[in-house]
2 protein chains.
Amino acid sequence: MTARRGSGPTMHDVGKLAQVSAMTVSRVLKNDPGVSEATRERVFAAVDKLGYRRNQTARSLRLGGSGMIGLVVTNLANPFYSRLALGVQEVATEYGFRMLLSNSAEQAEREPELIDGLVDHQVEGLIVVPAGSRQQHLAAAMRHVPVVLAARPPAGLDTDCVLVEDFHGAREATACLLAEGHTRIAFLGNPPALYTGAERLRGYWAAHEEVGIEPDNALIRQGLVDAATAERATLELLQQADRPAALFCTNNRISQGAIRALYKAGITLPLAGFDDFDLSDVLGLPLTLVSYDADEIGRQATRLLIDRLEHRDTAPPASRRVTVPTRVIRYGSHSEHGDGPGHPPAGA
Amino acid sequence: MTARRGSGPTMHDVGKLAQVSAMTVSRVLKNDPGVSEATRERVFAAVDKLGYRRNQTARSLRLGGSGMIGLVVTNLANPFYSRLALGVQEVATEYGFRMLLSNSAEQAEREPELIDGLVDHQVEGLIVVPAGSRQQHLAAAMRHVPVVLAARPPAGLDTDCVLVEDFHGAREATACLLAEGHTRIAFLGNPPALYTGAERLRGYWAAHEEVGIEPDNALIRQGLVDAATAERATLELLQQADRPAALFCTNNRISQGAIRALYKAGITLPLAGFDDFDLSDVLGLPLTLVSYDADEIGRQATRLLIDRLEHRDTAPPASRRVTVPTRVIRYGSHSEHGDGPGHPPAGA
DNA sequence: CCACGATGAGTTAACGATAACAGTACGTGG
DNA sequence: CCACGTACTGTTATCGTTAACTCATCGTGG
């Protein structure tokens with residue numbers, strides 16, 4: 001039953017069966033008005049009988065435009081990026097586009113070939129979460145199709161992007177901890193070379209300055225890349241003589257590593273961090289999380305992209321920068337602070 | 001800078017610049033031996049200068065085979081499916097295929113059009129996690145390309161599939177709880193119309209029979225579709241006069257809902273369930289989780305598919321069924337059982 | 001000195017669909 | 001009765017690439 005290479009029937013085959021030319025078949029399928037009802041029915045019957053489907057590849061070639069947009073994310077296993085992908089797909093579908101997805105696995109060196117591959121497949125536009133700080137290959141891609149960056153801004157590139165309120169969110173969450181009287185807040189961050197890492201550190205720092213406190217450099221750990229490295233860094237901090245009174249984590253994986261370290265050490269500390277995550281509400285820890293809608297980043301990025309596609313001819317407006325808002329969510333009791341067994345279940 | 005519709009330079013343009021025909025450009029890019037070194041260099045120079053990239057759409061049309069495979073999942077936001085997608089991508093890339101991804105959002109009625117769309121885009125094969133029990137549309141797709149099912153078996157279809165050891169895993173996890181002396185184990189399951197729901201219930205039941213216990217029907221809740229419905233069902237069970245002594249959940253979302261209910265009720269019960277999830281190890285609950293490698297499902301499915309693609313011509317072997325093994329993981333203390341505050345931190 | 005193979009490069013046609021153009025058949029009004 | 005519009009359908013050429021074929025040039029051996 002499985003068709004062989006080069007696959008199924010063509011319009012010509014359908015036409016032969018319906019005793020018309022391929023052109024008439026094309027017209028029927030395009031809902032062109034100038035076809036008699038009798039012919040139309042014969043064609044549809046033939047289409048059904050043969051299980052015919054239009055060859056989108058041939059249409060793309062003839063009509064220009066593949067109906068596909070490319071998405072490159074750094075780590076699809078992270079719920080953040082899978083939600084972003086869903087947002088992209090949602091809007092893309094709405095406008096009749098399909099999504100070709102690549103995962104760079106956070107390996108910046110693989111990104112250029114992924115992008116070239118997508119361009120080769122004639123995607124009409126690209127949405128990219130850039131893995132590294134070098135973005136020269138993106139400039140190359142922009143010679144072919146419009147590119148929108150997500151979650152990280154362009155570096156030396158003139159293109160649209162969608163960002164989170166990194167600075168503001170970090171500042172606000174840190175301020176919450178400071179307002180509760182915690183002055184020794186450790187900072188657990190991803191590599192500062194990444195925009196989000198740098199911005200969120202800036203927010204952490206700004207919150208301290210606003211209350212006239214200078215952060216202790218001994219409490220700042222950067223360059224953490226996953227939950228495991230974050231866990232190790234946290235354990236080190238906890239074993240220091242002058243232990244931090246609270247933690248600030250720049251993303252969900254780092255928060256999870258820190259939480260694991262706290263759990264293993266049998267210590268409860270207030271923790272603030274970027275990204276909400278599953279079950280954060282049932283940990284019984286005093287959490288202050290900067291939450292935002294990852295889907296929305298994908299949706300906005302796709303809208304920016306499609307807007308450019310629909311105005312290909314007109315002079316492109318200046319590159320735009322859209323920001324997705326954050327809001328702070330708090331879980332667990334925030335009255336107590338210091339050590340002690342955690343997980344006080346809320347009232348039944 | 002952004003190119004207009006119909007986009008970039010063609011082989012003809014490259015040829016003009018390099019003072020050769022398009023055919024020679026094609027030969028150079030294909031690494032055909034019969035081209036002089038001088039010509040080869042001129043062509044490469046022209047390619048670089050123009051930023052030329054081969055049009056994969058035109059190649060697909062000419063050569064047959066788009067180099068793409070389609071993946072349809074039910075919910076990309078579930079880490080299970082995003083990992084599955086990563087597994088697909090990994091093997092697909094290895095064999096030079098790209099992945100066109102669609103998300104059915106668990107709406108079975110949308111699935112046919114998603115699949116048709118992928119077929120239209122000339123995917124060479126499909127990997128599908130079917131959303132519903134009706135699979136007639138898959139038979140239609142199989143007229144065009146080979147189809148491999150993932151996580152759920154074919155119903156009235158002759159095609160390859162990759163499954164998890166649903167029955168075995170459920171039986172084993174339930175048996176763990178029973179071995180500890182819990183006899184009243186609640187069952188919280190997804191709709192029984194789904195294969196996984198039915199199989200896992202069967203495993204739960206079989207484990208009871210093996211120790212000569214008949215499950216109490218009053219403790220069985222099926223048809224749960226997400227964490228919220230699972231949470232409500234669990235709260236109901238907990239308020240029953242004859243409360244369950246342990247819980248069995250058929251997937252990660254249901255486990256999470258149940259855990260949320262336990263937390264809100266201030267009750268700790270042993271919980272068994274399918275799928276491991278982030279932070280399961282730090283909840284301090286006695287958990288018995290059936291874990292397996294979702295990536296591996298994707299990898300195996302892709303291998304089955306590509307195997308068929310590479311043997312398109314030869315008589316297809318009978319449809320194959322591959323099973324991915326499960327293993328039971330246990331977290332938290334399993335000595336105590338009954339009520340009481342949870343989260344006893346492990347030693348530092 | 002010429003036939004012939006090797007070498008390098010161009011021409012033609014086709015993949016499948018479709019825009020643009022070109023009929024053909026019919027009816028209507030002058 | 002014929003010019004002309006209307007309704008329907010067929011032909012041709014094209015999108016960008018490439019398999020298969022053709023063609024020109026050069027060197028070599030009989």
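Just so we're on the same page: letters track the sequence lines, and every chain starts at 1.
Both Ser21(B) and Leu61(B) sit near DNA chain C, but only Ser21(B) has its closest nucleotide nearer the 5' end.
Atoms CD and OG1, on Glu41(A) and Thr39(A) in that order, are 9.5 Å from each other to the nearest 0.5 Å.
Residues satisfying the ring-ring contact (aromatic ring centres under 6.0 Å, His included) criterion with Tyr81(B), sequence neighbours excluded, are absent altogether.
A distance-only check finds no donor-acceptor pair linking the side chain of Arg152(B) to the backbone of Tyr195(B) [under 3.5 Å].
For the residue pair Val91(A) and Arg303(A), the shortest heavy atom distance occurs at CG1-CG, 4.0 Å.
One can place CG of Asn31(A) at 17 Å from P of dA17(C), the figure rounded to the nearest angstrom. For Gln19(B) and dG8(C), the CD to C1' distance is 16 Å, given to the nearest whole Å. Remark: P of dG10(C) and NE2 of His12(B) are 11 Å apart, rounded to the nearest angstrom. Protein atom CG of Asp13(B) is 10 Å distant from nucleotide atom C1' of dG16(D), rounded to whole Å. Regarding Glu37(B), its CD atom lies at a distance of 10 Å from the P atom of dG8(C), rounded to whole Å. For the pair Gln122(B) CD and dA17(C) C1', the interatomic distance rounds to 11 Å; values are reported in whole Å. Taking atom CG of Leu50(B) as the reference point, atom P of dG16(D) lies 14 Å away to the nearest angstrom. Separating the CD atom of Gln56(A) from the C1' atom of dC15(C) is a distance of 16 Å, rounded to the nearest angstrom.
In Arg83(B), the CZ atom is not crowded: 12 or fewer heavy atoms of neighbouring residues, nucleotides or ligands sit closer than 6.0 Å. For CD of Gln107(A), the number of neighbouring non-hydrogen atoms (other residues, nucleotides, ligands) closer than 6.0 Å is greater than 12. The number of heavy-atom neighbours closer than 6.0 Å to CZ of Arg320(A), taken from other residues, nucleotides and ligands shown, is above 12.
For Ser60(B) and dC15(C), the shortest distance from a side-chain N or O to OP1 or OP2 is not below 4.0 Å. Within the structure, every side-chain polar atom (N or O) of Thr10(B) is placed at least 4.0 Å from both OP1 and OP2 of dG16(D). The side chain of Thr39(A) contributes no N or O atom lying less than 4.0 Å from OP1 or OP2 of dC8(D). Residue Ser36(A) has a polar side-chain atom (N or O) positioned under 4.0 Å from OP1 or OP2 of dT9(D).
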Where do N or O atoms of nucleotides 18-20 of chain D meet protein N or O atoms at under 3.5 Å, pair by pair?
from    : atom 1 : to       : atom 2 : distance (Å)
dT18(D) : OP1    : Arg59(B) : NE     : 2.4
dT18(D) : OP1    : Arg59(B) : NH2    : 3.0
dT18(D) : OP2    : Ser26(B) : OG     : 2.8
dT18(D) : O2     : Arg62(B) : NH1    : 2.3
dA19(D) : OP2    : Lys30(B) : NZ     : 2.6

